[in-house]
Amino acid sequence: MNPTTTRRAFLASASVAATAALVGCKPEASAGNTIKVGEYASLSGTEATFGQSSHEGTLLAIEELNKAGGVLGKQFELVHEDNRSTAGESVTIVKKFISRDGVVAVLGEVASGRSLEAGPVCQAAGIPMISPSSTNPRVTEVGDCVFRVCFTDPFQGRLIAEFARKTLNLKRVAVFSDVSSAYGDGLRQYFSDAFKAGGGEVVVEQKYSSKDKDFKAQLTAIKAANPDGICVPGYYNEVGLIVKQARELGIMVPIFGGDGWEAPELIQIAGADSLKNTYYTTHFSPIQDTPEAKKFVAAYKARFNGKVPDAMAALGYDSALVLADAIKRAGAAEPAKIKAALSTTDMVGASGRTRIDAKRDAPKAAVIITVENGEFKFLRTVEP
Ligand code: PHE
C-alpha cells in the first residue's frame, strides 16, 4: 500500500475511533445488502501456514453460510488481507477494514502478537474482533470487543507440564523459549510455573528470537545441564531447526511444546527421525470423531484438493461460524449488538463446543500430538 493510502486509512479510522468513544460502540454499518467481515492473516512470510490454514477454514465457513442463504437474509462478504507475518501490518489492515470497508466485525489473527496489535484498533472503533487461535491471555484483556474461540496459554502450559511430569515422567527439564513473541514468552512462564508446582525442576533456561537459524550455543548449554526433557514454546520454523540441531548434538531426550509447533513444515524442517520422541499440544486433530469435526474434515478436503485440515483451519472455520451465530441471535448485523451476542456464545463447531466466558475466552479441550514415522499422530484429548 502507498503512504497516501496508509495516511488516509489512519485519519479516517481516527475519526471512527473518536465517534466510537462518544457513543460506546460504532452505531451503524452494513446498511447494504451484504454483511462485510474483515479477515487479516499471515498468508505469506514466516508463519505463512498459520494464515493460509486459518484463511481456508474461514473461507469454507463463509461459503457454506452463503450457500445456505447467509444470515438475516443477507450474504456475507469476506474482505481479507495478508499481513505477511510482519509487525505493524495488521494495524494498517484493520484500520482500512473499518474506515474504508465498513466491516461489522473482524476475524484474526492466529499469532498472539499480531492479535495484540490489531485488538486495540477494533476496541477503539467498537468493532468486535474474534481471534480464531491466539492463546496468550492478554489478547482478550484488550477490552470487551475482543473475543477468541480457543483455550488460553495458562491452560495449555498446565497441560504440557502435566504431560511432561506424569506421562513422560520428567523431573528436570530445560526451557528454551522464543522471547520475541508474546506467545512464546507467555507459554514459557505458564509451563514453568505449572511444572514446578507439580514437583518438577527447571534446570536451565535458554532464549532465542524469531528468524534465528543457529541454536547450537544455547543447545550446548542445555546439554551441559543434562536435563531429562526440553520444553520449546515457539513457532514451527525455529522449533524445527531446534529439534534437528538438538539431535545433531546428541540430545535425545523428549522435546515438547504447544500449538505453535503445528505445521506440516515442522516435519520437512526437522526431518522425521529428529522428531522421534517429540510432543505438542494443540486444538484439533483431523481424526476427532464428533459429527461436526467429521463433516468439517470432509468439506475441507473436498474444497481444498484433498488437503487435511489442521487446528488453524478448524478454528478459522469456527471463528466465522461463531460470528454468524452471534449475528443471527443479535437479529442485526450491527457491531454493538454482535458484541453483546458474542458474549453469550454457546455453540458446537469443528473444534468442539465454544462457550465464551466472562473473559471472552473459550475454554475447550486440547489434544496431544506426537510424531511417528514422519506423521503427526493423535495421542489423546484433554478436557479443560
Ligand atoms: N496459539 C498461537 C499464538 O497464540 C498460535 C497458533 C494457534 C499456532 C494454533 C498454531 C496453531 O500465537
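Note that ligands are numbered from 1 as they come in the structure, with each ligand's atoms numbered from 1 the same way. Computed from a predicted structure; not experimentally measured.
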Closest protein heavy atom to [atom], given as residue, atom name and distance to 0.1 Å:
atom: atom 11 (C) of ligand 1; value: Met312 SD, 3.0 Å
atom: atom 6 (C) of ligand 1; value: Val110 CG1, 3.4 Å
atom: atom 10 (C) of ligand 1; value: Asp259 O, 2.8 Å
atom: atom 4 (O) of ligand 1; value: Ser112 OG, 2.4 Å

Below 3.5 Å, N or O to N or O, backbone or side chain included: is there any such pair between [X] and ligand 1?
X: Tyr235; result: yes
X: Ser133; result: yes
X: Thr135; result: yes

> Do you reckon Phe50 sits in the same ILVMFWY cluster as Tyr317, going by side-chain contacts under 4.5 Å, direct or chained?
Replying inline: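 The answer is no; the residues belong to distinct hydrophobic clusters.
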
Are [X] and [Y] within salt-bridge range, i.e. N to O under 4.0 Å?
X: Glu201; Y: Lys196; value: no
X: Glu372; Y: Lys276; value: no
X: Lys244; Y: Glu248; value: yes

>> Using a 4.0 Å cutoff against the non-hydrogen atoms of Phe50, which atoms of ligand 1 qualify?
In response: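 Here the atoms of ligand 1 in question are 8 (C), 10 (C).
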
>> Could you tell me, atom by atom, which parts of ligand 1 come under 4.0 Å of a heavy atom of Ser134?
In response: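 Per the distance check, 4 (O).
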
> Quick one: which of Tyr280, Phe163, Phe191, Phe195 gives a ring pair (Phe, Tyr, Trp, His ring centres under 6.0 Å) with Phe256?
Replying inline: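 Going through Tyr280, Phe163, Phe191, Phe195 one by one, the ring pair (Phe, Tyr, Trp, His ring centres under 6.0 Å) with Phe256 is satisfied by Phe191 alone.
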
>> If the contact criterion is a heavy-atom separation under 4.0 Å, does Ala311 count as touching ligand 1?
In response: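 Ala311: no contact with ligand 1 (<4.0 Å).
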
> Where do Phe151 and His283 land on the ring pair (Phe, Tyr, Trp, His ring centres under 6.0 Å) test, with the steps shown first?
Replying inline: CA-CA 8 Å; Phe151 58 65; His283 310 262; 4.2 Å; yes

> Does the gap between the ring centers of Tyr235 and Tyr183 come in under 6.0 Å?
Replying inline: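 Yes, ring centres under 6.0 Å apart.
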
